[in-house]
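Just so you know, these numbers come straight off a predicted model, no measurement behind them.
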Amino acid sequence: MASRLPDPGPDERAHSDRLLQLLRAQIASHGPMPFAQYMERCLYAPGLGYYSAGKTKFGEAGDFVTAPELGGLFARCVVQALQPVLAMLGDEADFLELGGGSGAFAEAALRALAEAGTLPRRYLILEPSADLRERQRERLAATLPAGLNARVDWLDRPPEQNWRGVLFANEVVDALPTTRFTLRAGEVYEEYVTLDGEGRLMRTDRPADALVAGAVRHLERDLGHAFADGYRSEVLPQLPYWVQAVAGSLEAGLMLFVDYGYVRREFYLPARSDGTLMAHYRHHAHNDPLHWPGLNDLTASVDFTALAEAGNSAGFDVAAYLPQAQFLLASGLQAAFEQAYALAGDDFARQRLAQEVRRLTLPEQMGERFQAMLFARGLSALPLDAGLLAADQGGRL
């Protein structure tokens, strides 16, 4: 597959080579590198990782398109679902977005929140990438009224003081550095990245440590069967600690995660015997994570059963779980589309709106591949739309 990908330009090649030199030096000094660490370096190494460098990531000019890049309908539906909680919590409510992307979601969400009369006290963006943070600052300063832009603040780390409000994360969990595992003679092995005799990256397996082995055995117990020898997939043993880290200080409010993935029994189907790991480069998806490190977005689908377990362990209850299409329809997509359609200036704008709805809702697009999971904690009532609660499929978890 890698041979059919577009060739990078000279600057991109030089960038990838610099990261490759770093990876080789670290492997030479410390030995084979766990795949999760390799993925972390490829995505987040300062100045060299995919999300830490200056290349455009999102939209038609980047490597992939996220829901907020399609237009404003997605953000308006998210606001429609979450704004009752902001209204309930009043003037002390904050809105925290994990990973602000291009800033498209924040721009549309703040406008929708202003229209709904439920502007948060602060709109916080937890963005580890300095490059993306600067792009977000420039976009919001250029597109938002000064009063709205003044509510935005960026965080380097999760809030340490207790706060109240809503937390939103779109396509964040899929980018967490994932552990790859396999089974040999019934024993758990972890995938590592090492060097071959010519200094090229290659993957190898080593006996798993207690944390990874324990996480895999937990999956087997919950699934009710052992993995077959040779079966290979992903697991996030650090997920409970990550959820606690990013949301532990949210004492009252809602969390909404939207991502692509499956419930556990579908994630670990026997036929999915090489996992869900994918690389994305210039709108091409491929399965070679060692190809041009630093130039590809590396992702793995989300085990939503594991996300529910992690939320529960952090003190949250699952309020709803449902496919993205049903979440958006229950959160006012039809009304948002009709309003935007009526205001559209020409046929081209109306066609773009229709295409946006199709991309967001059709099963073969984002409608079924993406799922929405809501968590609640510390609320005297659960102010979610009745249609959203009626569409809940939490029983599948």
Under the ring pair (Phe, Tyr, Trp, His ring centres under 6.0 Å) test against F304, which residue among F257, Y321, F375 passes? Y321
Do the side chains of E12 and H15 get nearer than 4.5 Å, heavy atoms only? no
Can you tell me if Q324 uses its side chain to pair, donor with acceptor, with the backbone of R369 under 3.5 Å? no
When every non-hydrogen atom of L19 is compared with those of C42, the smallest separation belongs to CD2-CA, 3.9 Å
Rounded to the nearest 0.5 Å, how far apart are CZ of F74 and CD of E356? 10.5 Å
Report whether L113 and L89 are members of the same hydrophobic cluster (ILVMFWY, side-chain heavy atoms less than 4.5 Å apart, transitive linking). yes
Counting distance only, does the side-chain N/O of D229 pair as donor-acceptor with the main-chain N or O of A185 below 3.5 Å? yes
Can you confirm whether more than 12 heavy atoms, excluding those of E364, are under 6.0 Å from its CD atom? yes
Stepwise side chain to side chain contact (heavy atoms under 4.5 Å, CB included) check, D347 with R350: CA-CA 5 Å; D347 287 343; R350 287 186 281 271; 2.6 Å; yes
Is the distance between the ring centroids of Y268 and F227 less than 6.0 Å? yes
Heavy-atom distance under 4.5 Å between the side chains of R232 and D205, does that happen here? yes
Would a distance-only check, ignoring hydrogens and angles, find a side-chain to backbone donor-acceptor pair under 3.5 Å from Q238 to P177? yes
D259 (side chain) donor-acceptor with V172 (main chain) under 3.5 angstrom: yes
How are the rings of F105 and F168 set relative to one another: parallel (under 30°), tilted (30 to 60°) or perpendicular (over 60°)? parallel
Can you name the nearest heavy-atom pair linking S301 to G261, along with the distance? CB-CA, 4.0 Å
Shared hydrophobic cluster, F95 / L126 (ILVMFWY, side-chain heavy atoms < 4.5 Å): no
ILVMFWY network linking L73 to L329, side-chain heavy atoms under 4.5 angstrom: yes
Under the side chain to side chain contact (heavy atoms under 4.5 Å, CB included) criterion, do L195 and L201 qualify, and how do the steps go? CA-CA 5 Å; L195 302 175; L201 298 176; 3.7 Å; yes
Following the transitive rule for hydrophobic clusters with a side-chain heavy-atom cut-off under 4.5 Å over Ile, Leu, Val, Met, Phe, Trp and Tyr, establish whether L22 and L43 coincide in one cluster. yes
Pairing donors with acceptors under 3.5 angstrom, does anything connect the side chains of Q355 and R358? yes
Might you point out which heavy atoms bring P207 and Y189 nearest each other, and give the distance in Å? N-CD2, 3.5 Å
Applying side chain to side chain contact (heavy atoms under 4.5 Å, CB included) to E234 and not counting sequence neighbours gives T178, R180, F267, T276, L277, A300
Nearest 0.5 angstrom please: D174 CG to Y260 OH, how far? 3.5 Å
Using the rule given for side chain to side chain donor-acceptor pair (under 3.5 Å), can you reason through R41 versus Q26, listing the C-alpha separation, both sets of side-chain angles and the distance that settles it, and then say yes or no? CA-CA 11 Å; R41 298 288 192 274; Q26 293 182 346; 3.0 Å; yes
For D346, does the CG atom sit with more than 12 other heavy atoms under 6.0 Å from it, leaving out its own atoms? yes
From Q326 CD over to S331 OG, what is the distance, rounded to the nearest 0.5 angstrom? 11.0 Å
Could you walk me through whether E115 and V79 pass side chain to side chain contact (heavy atoms under 4.5 Å, CB included), step by step? CA-CA 10 Å; E115 291 176 15; V79 167; over 6 Å; no
Locate the shortest heavy-atom distance separating A75 from A109; write the atom from each residue and the value. CB-N, 3.9 Å
Full working for side chain to side chain contact (heavy atoms under 4.5 Å, CB included) between R272 and Y262: CA-CA 12 Å; R272 195 169 281 122; Y262 314 92; 3.5 Å; yes
Answer yes or no: is there a side-chain heavy-atom contact under 4.5 Å between N296 and Y50? no
Would you call S233 and F181 a side-chain contact if the rule is heavy atoms closer than 4.5 Å? yes
If you define the side chain from C-beta out and look only at heavy atoms, does anything of L374 sit under 4.5 Å from L82? yes
At their closest point, which heavy atom of R24 faces which heavy atom of G199, and how far apart are they? NE-O, 2.8 Å
NZ/NE/NH1/NH2 to OD/OE distance under 4.0 Å, R164 and E251: yes
CG/D196: more than 12 non-hydrogen atoms of other groups inside 6.0 Å: yes
Taking R133 first and then E127, would you say they form a salt bridge - that is, a charged N and a carboxylate O separated by under 4.0 Å? no
Quick check: does any side chain N or O of T179 sit under 3.5 Å from a backbone N or O of L236, one acting as donor and the other as acceptor? no
Are the side chains of L148 and L119 in contact, using a 4.5 Å heavy-atom criterion? yes
Does CZ in R377 sit with more than 12 non-hydrogen atoms of other residues, nucleotides or ligands closer than 6.0 Å? yes
Spacing of L223 atom CG and R264 atom CZ [to the nearest 0.5 Å]: 6.5 Å
To the closest 0.5 Å, what do you measure between OG1 (T194) and CD1 (I27)? 5.5 Å
Using atom types as modelled and distance alone, determine if a side-chain donor or acceptor of S16 lies under 3.5 Å from a backbone N or O of L295. no
Are L167 and V78 joined in one hydrophobic group, where the rule is that I, L, V, M, F, W and Y side chains link up if heavy atoms are under 4.5 Å apart? no
I'd like to know if R184 and E187 make a salt bridge, using a cut-off of under 4.0 Å between side-chain N and carboxylate O. no
Heavy-atom nearest pair, A344 first then L353, reads CB-CD1, 4.2 Å
Close side-chain approach of L254 and L384, heavy atoms under 4.5 Å: yes
Think R151 forms a cation-pi with Y123, using NZ or CZ under 6.0 Å from the six-ring centre and within 45 degrees of its axis? no
Test salt bridge (charged side-chain N to carboxylate O under 4.0 Å, His left out), reference R122, set D94, D91, D153, output is D94
Say you draw a straight line from CZ of R265 to OG1 of T305; how long is it, rounded to the nearest 0.5 Å? 7.5 Å
Would you mind reporting whether R13 and W292 have side-chain heavy atoms less than 4.5 Å apart? yes
